[in-house]
Asker: 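First, the structure itself, so that you have it in front of you.
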Amino acid sequence: MNRTESKARDDGGALLEVRGLTVTFGTPRGDVDVVRDLSFTVDRRQTLGIVGESGSGKSMTSLAVMGLLPKGATASGSIRLDGVEILGKSDAALRKLRGNSMAMVFQDPLSSLNPYYTVGLQITEAYRAHHNVSRKAARAVAIEALDRVRIKDPHLRIDHYPHQFSGGMRQRIMIAIALCCEPDLVIADEPTTALDVTVQAQILELMADLQAETGTGMIFITHDLAVVSQVAQDVVVMNGGVQVEAGSTEQIFSAPQHDYTRALLAAIPRLDDDLEELKMVGDFRTGATR
Amino acid sequence: MPGYILRRLLGVAVILFLVSFLTFCIFFLLSPDPAVMICGKTCNPARIDQIREQLGVNQPFLAQFWQFLSGIFAGRTYGEGAAAIHCAAPCLGFSFQTNQSVVDMITARLPVSVTVAVGAAVLWLLIGISAGLVSAIKAGTWWDKGAMMFALGGISLPNYFIALVLQYVLVVQLQVLPFPSTPDFGEDPLFWFQSYIMPWTVLAFGYASMYARLTRANVLDTLGENFMRTARAKGLPSLLVLRRHALRPSLTPIVTLFGMDFAGLLGGALITETVFGLNGVGKLAADSIGKNDQPVIMAVTLMAAFFVVVANVVVDLLYAVLDPRVRVKS
Amino acid sequence: MSAGEPLLEARNLVKEFTTNTGGVLSGKKRAFRAVDDVSFAVGRARTVAVVGESGSGKSTTARMVARLMPADGGSVLLDGEDVTHGTGAALKHFRSQVQVVFQDPFSSLNPRHTVDRIITAPLDYQGMGVPGGKRQLVKGLMERVGLNPDHSGRYPSQFSGGQAQRIGIARALAVKPKLLICDEAVSALDVSVQAQVINLFKSLQAEDGYSIIFIAHDLAVVRQIAHDVVVMNRGAVVESGTRDEIFDNPTQPYTRSLLAAIPTINPEWEARRRVNEQRERAALT
Amino acid sequence: GGGAKVGAGAKTGEPQKGGTVSVLLNADYSHLDPAMGFDGGVNNFYRLIYRTLTTNSTVAGKTSEMVPDLATDMGKSSDGGKTWTFTLKDGVKFEDGTPITSKDVKFGVERSFDPALGIGSPYARTLLDDGSGYKGPYADKGKDFAPIQTPDDKTIVFHLNQPFADFGSVVGQNSFVPFPVGSGAGTAFDAKPIASGPYKVVSYNRGSELKLARNTNWSAATDTVRKAYPDNLDFTFGLDGATIDERMLADQSGDKDAISGGSLQPANVSRVQTPQIQDRAVKTTAICTTYMGMNTTKPHMSDVRVRQAINYAIDKSSVQTASGGSQLATIANTIMVPSLLGRKDFDLYPSTGNKGDIEKAKALLAEAGLSNGFDMTLDTRGTPMIQAQSQAIQQSLAKIGITVKLNVIDSSTFYEVIGTRSQQHDAAITGWCPDWASGATFLPPILEGKNITDKGNSNLAQLNDPAVNKQMATIAAMTDVDAANKAYGDLDEQIMKLAPLVPLVYQNGLQLTGSNIGKSVIGFNGGVDLVTVGLANAAK
Amino acid sequence: MTTMPTQLAVETEEKGSPFSGGGPSSARRVIRTMRKSPAVLFSAGFIALITIMAIAAPLLTHLSGWGPYEYDPSAVNADLGGIPNGPLGGIGPTHWFGVEPQSGRDIFARIAFGAQVSLLISVSATLLTTFIGVVLGTLAGFYGGWVDQVISRLMDFLMAFPSLIFMIALLSALPAGNRPFLLVVVLSVFGWPYMARVVRGQTMSLKNREFVEAAYASGASRVRIVFREVLPNLTGTIIVMATLSVPGYIGTEAGLSFLGVGVTPPTASWGQMIASAVPWYATDPMYFFVPGLFLFLTVLSFTVFGDHLSKAIDTGEAR
Ligand SMILES: Nc1ncnc2c1ncn2[C@@H]1O[C@H](COP(=O)(O)OP(=O)(O)OP(=O)(O)O)[C@@H](O)[C@H]1O
Ligand SMILES: Nc1ncnc2c1ncn2[C@@H]1O[C@H](COP(=O)(O)OP(=O)(O)OP(=O)(O)O)[C@@H](O)[C@H]1O
Ligand SMILES: [Mg+2]
Ligand SMILES: [Mg+2]
């Protein structure tokens, strides 16, 4: 897992290249940039971690890449997937890429599955959108996908509805949907927050295996720094919509340059730490209200 | 599941019992003596007593109520000896005014009410849901505003107003439609259609407005759901996204609402039937109320309640089928 | 655990729920034991952490201890007195001694009430007078938890998560209780804010000697704050002891698996970072 | 000015035989069983399917007169008017071809003694009651009903319990319709009557449709009254009044052969302007008087001066407008309607333009010591016209300081409420219609002292004037029918001096006929006499 | 009249609270949002207009010179069935909105006095249903158990009832007495469940919010929780529901009057005016049109106002 620096970095063949991404919300009180001038690159077989506190723009960044920004939000800058500019592409063109070339695991697994359909249908429809296969074949793929995310009895569970699964299981189903088409790029937005530590470990392992098998590039969004340190090769630290620091994981964790990154690292409660006063992250929230 | 249905049916029975009891109470307490009304303008106390006995209204309240109830299940016999009249099992008595069997009266008129209800329902579902869908998808555009103005009109205009204006314009002034009456479909399909089209339209206008608003609100809600984003992220065709993921969650609550509205109409569209002179159950009710024909009013009330209560159960079951999240409470 | 008589003791608590299982329309009832014979004690000025995975019965236990839910069995003793079923004056006394801080800071604050109304609600509800006037009290409490007293007229939505959680804590402190029950009081907050709140608890305890029941599933957080730890799994207590006992020598496999699964940062990086930091500090001075 | 000109029976063309006439009606007929039905509308209809011993003439202008129908003459009386003998014509048959015998007539009359059936015309029951408690041929099966004797199949003898000079008119009432002995138990005739008249019922869907076809066993030779032009008559019920008007005014295809069953609504009177429509409008005559009865037992109403003042004060022209204007209502000053035989025309309380004489009224009130007026309650109904009339009265009386409170009683219970003495207020708006063209069926029921009862009271004024009562008894004993009728005309004026009621209007009608309907006669019952209706061009 | 589906023993999985954790939308913010919309200005203006008209009816008719009950035989043509003289139903300087056929009563005066009746009935019925609905709805939602069972069954029962038929039957059977009062009672008896159901649902979801538990922990009694913690969170819903129910009652009153069981003449209500205008719709359309227009605009105004209010409160809450 902990492979050293990826080489395929500047050979021009980056899987995803984001340059100067800015996401703007038009609000009644004027435009608000929730992401400003963000740049990063994701290579094949590589995982990029994005960390930052809640509201720092992590999800907006990933939605911008998928072309799924909510109404009222616009993205500018450049997003290249496999060298092709996708920002500003028509929805129809993007649709061909979504699911197939890039997939996303959404942050909120409870509401991200349609309660009216079995999970089986929701997985197979993703697969069938891009593969011309029979219903039966798609079902086999779906069972397989469920199995891979460690859902027991997948052939039975495939016909269950989302509400019949626990939060953690639903999160894994989201992952199964994202992975079933074996996309080139997976964006995982806090995929393990609803999971128990034990299950979380399993899922992380699964994602790593998959990456090794298929060469998928991944963006892993979380605010759990420990998790990021385990899965990512490179890390982007965000705060207030801007990138405060970026670099290899090792670099960020062993020699953080920015004060915010340092404070963040210091705030992590540690098992092996002494019982000393926890370091607080500056004055980012206190006093100020929004 | 069977246990549940059984329980619900029991509930239906209880509600119907209460409805009939209450209606009976109110008519028993508030209504004038039917015998006096029947007796007419040259009347004397002796005759009133005779008629009272004949009608069975000389008995105490509970006895009358019991006779009424048992009549529904076991039939009942009026009078004694040679002059006795038997009324077979689902017996709701005889009209005070016309001496007809109330069940016959209702069954004769039910087809009209059903025709009115079905036609109107088809129209209002088509118009209401499509208008709602269009305005939700095109929210904020002139399409949306136009549809919602239309809906506001339907909600604000009393239906008798619409009915009369429509009749005046289409029949009296433009003469594109004949005066509506209550024909058989078999006899003259064109006339049948021409007769019903106005009542359908009038009823549908009001309901369609409400359904358009509801559909719009529901679809807008659904479009904002996270699972819509998931569906789009899968790269599904946008029409499929809309049809499969947006429509079903938006329409499920409407289906249940529809069940109730439709059942309500089966009990007679009082105003519309009256305005257009359609001999349906609603007009029967209105007429009977005007003549204080208690057995008929009782029966129509009961029947309408029956439809609504049964629809209630059906709708709940349907909801459980349509919405996988629904759990039946113990 | 601690010396002397414990402040609060839970003895053999049991809670059963009846649930529906099965398909869409069938409704089979099944009794399900969410809390099964749970006992523990809370010493004065000590923090007892209750840990365990989601659904293991932590909140249910806390609710029973806080008298927010009747227990199906067992008893709760406060200062040696059985308070499991007390009503009226006894319950009132209990409420003034035991206060709760909830998990979701926003959900637990009435969005239609201002901060000062929220903070003084327990006093109101318990009919307590305040010697220095409510104003003074609110001001004091807000300062105490690190909030700007000028914001007392605001509504909860006008605060950040960490601040909102402090409002909840201030409310709990208003009646000067002896025991705070914190049900996942920091789980919903992100790391930076979490740290603020944990520090606040620690300082409050140090200054005023509150006892705390601290419910969490994040063992790292627990290690920061607890004196004693109770590990729960499937409604039962699996293991309990002092913090060091649990963390250093877990006897139960379940505890061990919990500890093992915690993601950690490469210690090597950690070490390097510290070295770097020390170097920088040294360079500054 | 400039009102619509409508001539009675404006059409001139004599109808042809054949074809189908349709009749558009708002409400269905009350009962097809003549023992039960008893109102102007159904009386008109019964003549299509039933025959009685005598019946009203169809000669224009003489429809008040009774002429022999099944009987050969108007009956022979003996025993000082207590025994009446009639002989049946030859060749009269029921719809199935069986001859009508005197036993069938007797059976028909006996039916009205059945408590369940006999809710219609009361005269047979009151005049033939022998005190035996007879309950009709079904309940008292096999019991002979002595007051009616049938010596042979052609002869029928009635033994009355009191002398009755006008019995020849009584046997034209609905309860004298013959039926085959033993038939018609329960409500059988309400669904399928047995016809003796020119038409029989082919199909009947209560509340919506009734179809009549020619009764082939009816012989025109035996019937001097009925014209029976069309082969079929189709009745459509349950149409909204406004819809009937619209259809008749529009005169579209099928409606050319139609007549409306009731009067045009006031709202549409102004549309009868063009000659074409005027030609199709028939002005029907009043058979009922709409009046306001004043309860003479109430404090102020007991004073004859107050009642007279009210008679003076009421602006009858506004009541007339409220009743549909001059086309639909004639101002009434007498109790009896103009169509009654022997009726006298007079106006005891005149005013210019019938707008009420406020001065006289005030003077009378002052005399009664009520110059400041008083409050009174008027019982009225919720129907639009009666509402309008009540409000017009309210307005008129306000001018002499009388504040009228309207007590609106639901139509269905109106008569029960005002017929209960304890529930009667100061006054009530109601009406009265005669059963045949004699004051005998008009004045005594509503003004004779002995008719005051606690329940089912029809003497709303509760007038119990000895002189009036005496005169009524005297007239009843008269054997000369014409003299009696004339005496009633005079009694009308005598009663109006006591002012127990205010005659308001005689309600006429404006009935529309389709353009293909020929000339017809207005019957005694007010509207177009159905037995005289036919198509102008039956081939069309 | 439409019924909403009942929740008879069927429950959906907790969908998450309808409150997005936002703060209360201050009245000022709602007003500020509302003021921007021309539709709101129009509807509020019209509501204000008819309210003033209703209150100042005697004054207005004093100005116009004709009372609501005064006959004007000169304005109608008795020979033509009492149709108003002149075009447009007699509209002119003496009779601003024309006259009633047959009687010649002034329509303007009757509209103004009719507004009194229509508003009085609809507003009183709204107040009454709101009161009953809120009390019973919160009780049912909050206490659950048999209290909920009893109240919910009662609501089911009332909503299952064919209320229009029943109202007509009841009103025609009842003695005329004080009709407006009876109408209010009858409308309320059948109307409260609609309010109660919404309130019950909201209370049920509010009850599960932690702040209620927090209030328990703070030592609050149930009654206090209902009134101090739960009710303030319902005000938005209640106001919106109430605004939207006013037009419903105006319409129902008009419908009942149309069917002849509404207010009793000579009292004017808009529904009763329309009802009596029905036969005249072809010969005197203005008679029909004037009250029809007022009824339409009033119902429209209340509906638009209620809609916008609910939107304003909603967005206020989301922020
Ligand atoms: N519809 C919207 N209108 C205006 N601002 C919005 C909208 N949606 C999100 N934002 C703002 O965009 C910013 C970034 O949100 P984003 O969801 O990307 O945060 P995040 O980093 O993913 O946080 P979390 O860890 O809580 O998921 C936030 O400050 C949020 O308030
Ligand atoms: N009101 C209830 N009805 C039925 N079951 C319940 C109820 N409350 C809790 N449970 C069940 O009891 C068990 C214990 O729940 P509890 O909330 O105490 O868990 P927890 O340890 O606090 O979990 P978490 O960490 O997720 O908060 C769970 O399985 C839960 O589903
Ligand atoms: Mg996010
Ligand atoms: Mg918990």
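Quick note on labels: first sequence line is chain A, next is B, and so on, each numbered from 1.
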Asker: Determine which residues belonging to residues 118-128 of chain E lie within contact range of chain C, meaning some heavy atom pair is under 4.5 Å apart, and list them by number or answer 'none'.
Answerer: none
Asker: Quick one: which of C:Val101, C:Asp124, C:Ile118, C:Leu123 has the most heavy-atom pairs under 4.5 Å with chain E, could you say?
Answerer: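 Top count of heavy-atom pairs under 4.5 Å with chain E: C:Asp124.
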Asker: Does any part of the side chain of C:Ser108, heavy atoms only, come nearer than 4.5 Å to the side chain of E:Glu213, both counted from C-beta?
Answerer: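 Heavy-atom side-chain distance check fails, nothing below 4.5 Å.
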Asker: What are the residues of residues 217-229 of chain E, in order of number, with any heavy atom under 4.5 angstrom from a heavy atom of chain C?
Answerer: E:Ala217, E:Ser218, E:Gly219, E:Ala220, E:Arg224, E:Arg228, E:Glu229
Asker: Which bit of C:Arg67 is near chain E, if near means a heavy-atom gap under 4.5 Å: side chain, backbone, both or neither?
Answerer: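 Contact with chain E involves no heavy atom of C:Arg67 at all.
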Asker: In Å, rounded to the nearest 0.5 Å, how long is the span from CD of E:Glu210 to CG of C:Leu68?
Answerer: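 If we round to the nearest 0.5 Å, E:Glu210:CD and C:Leu68:CG are 10.0 Å apart.
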Asker: Hey, is CD on C:Glu16 packed in by over 12 heavy atoms from elsewhere, all under 6.0 Å?
Answerer: yes
Asker: For the atom pair CG (E:Leu231) and CZ (C:Arg112), what is the distance rounded to the nearest 0.5 Å?
Answerer: 11.5 Å
Asker: Please lay out, stage by stage, how C:Leu109 and E:Phe211 fare under the test side-chain contact (heavy atoms from CB on, under 4.5 Å).
Answerer: CA-CA 5 Å; C:Leu109 303 176; E:Phe211 69 79; 5.6 Å; no
